[in-house]
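Everything on this sheet refers to the single structure shown next.
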Amino acid sequence: MAYQPPDRESESQSQKRLYNPYKDLEVPIRNLYQLPTSPEFLFVEEAQRKRRSWGENLTFYTGCGYLGGAVAGAGVGLVDGVKSFESGDTMKLRVNRVLNASGHAGRTWGNRLGVIGLMYAGIESGIQAARDTDDVWNSVAAGLGTGALYRAARGVRSAAVAGAVGGVLVGVAVTAKQALKRYVPI
């Protein structure tokens with residue numbers, strides 16, 4: 001476009017004040033975002049419970065399992081991708097190998113650990129509802145059941161070993177959590 005000298009009409013437009021959509025909102029900003037700090041519950045029973053609901057547990061364990069598995073799998077894939085380098089590879093090919101290996105291993109591990117978290121949360125919530133108590137044994141039994149169910153397709157022996165490993169891992173995790181709460185001031 002060629003230069004055009006400003007005329008009177010464009011000068012008068014530049015001196016006009018722009019429209020402000022918030023002009024009539026004479027509300028201080030902190031009133032808009034002053035949210036309650038205490039938890040809000042619909043029923044008194046929910047407020048008295050000191051534990052997440054089954055849906056929150058399901059979401060938490062599945063999400064943490066998937067995220068942790070994806071990160072660990074990406075690390076394993078990174079190592080595998082670096083090990084697969086060949087002497088004549090260009091930098092572009094090496095980066096491609098690392099990205100492909102990391103993405104594949106990350107998806108695989110993330111899905112596996114996400115499913116394990118899903119099964120664990122479901123079994124733990126079921127045991128808690130059946131026993132109507134909330135103690136350490138629910139978690140240990142859920143770990144045992146999750147390991148056994150995850151490896152059930154590989155046979156009875158594999159399911160029994162995986163169940164024992166799952167129960168022991170959860171038992172160690174629960175014991176470590178209680179020791180951490182007791183001996184480490186946070």
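- Taking CG from D80 and CZ from R97, the interatomic distance works out to 12.5 Å, rounded to the nearest 0.5 Å.
- A distance-only check finds no donor-acceptor pair linking the side chain of Q178 to the backbone of T175 [under 3.5 Å].
- In this structure a side-chain-to-backbone donor-acceptor pair under 3.5 Å is present from S84 to G81.
- In this structure, the side chain of T146 does not engage the main chain of I116 through any donor-acceptor pair within 3.5 Å.
- A distance of 14.5 Å separates CG of L99 from NE2 of H104, quoted to the nearest 0.5 Å.
- The hydrophobic cluster containing Y150 also contains I123, counting ILVMFWY residues as joined when their side-chain heavy atoms lie under 4.5 angstrom apart, directly or transitively.
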Next item on the list: Please lay out, stage by stage, how R94 and V98 fare under the test side-chain contact (heavy atoms from CB on, under 4.5 Å).
Entry: CA-CA 6 Å; R94 288 180 180 187; V98 167; 5.7 Å; no

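- Interatomic distance, S125 OG to E56 CD, rounded to the nearest 0.5 Å: 10.5 Å.
- In the hydrophobic clustering of ILVMFWY residues, with side-chain heavy atoms under 4.5 Å counting as a link, Y66 and W109 come out apart.
- For D89 (side chain) and E86 (main-chain N/O), a donor-acceptor pair under 3.5 Å exists by modelled atom type.
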Next item on the list: Apply side-chain contact (heavy atoms from CB on, under 4.5 Å) to N138 and R131, showing your working.
Entry: CA-CA 8 Å; N138 290 346; R131 292 185 62 214; 2.6 Å; yes

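- In this structure, CH2 on W137 lies 12.5 Å from CD1 on I127, to the nearest 0.5 angstrom.
- Here the closest non-hydrogen pair linking G77 and A101 is O-CB, 3.2 Å.
- Formation of a donor-acceptor pair under 3.5 Å by the S158 side chain with backbone atoms of R154 is not found in this model.
- Residues meeting the side-chain hydrogen bond (donor to acceptor under 3.5 Å, both in side chains) test with S139, sequence neighbours left out: E124.
- Cluster membership for L180 and V136, using ILVMFWY side-chain heavy atoms within less than 4.5 angstrom, is not shared.
- Shown here for Y61 and G117, the closest heavy-atom pair between the two residues is CB-O, 3.6 Å.
- Hydrophobic cluster of V168: the remaining members, joined at side-chain heavy-atom separations below 4.5 Å, are V172, listed by chain and number.
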Next item on the list: Mind running side-chain contact (heavy atoms from CB on, under 4.5 Å) on L93 and F85 for me, showing each step along the way?
Entry: CA-CA 9 Å; L93 188 58; F85 286 170; over 6 Å; no

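- Across every non-hydrogen atom of A152 and A159, the tightest pair is CA-CB, 3.9 Å.
- Side-chain heavy atoms closer than 4.5 Å link hydrophobic residues (I, L, V, M, F, W, Y) into clusters, and following such links, possibly through other members, connects L149 to L113.
- The side-chain hydrogen bond (donor to acceptor under 3.5 Å, both in side chains) search around N111 returns none, not counting sequence neighbours.
- Put simply, L118 and W54 are part of the same group of oily side chains (I, L, V, M, F, W, Y) that touch within less than 4.5 Å, one to the next.
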Note to self: Test side-chain contact (heavy atoms from CB on, under 4.5 Å) on N57 and Y120; report intermediate values, then the result.
What the structure shows: CA-CA 9 Å; N57 261 349; Y120 175 78; over 6 Å; no

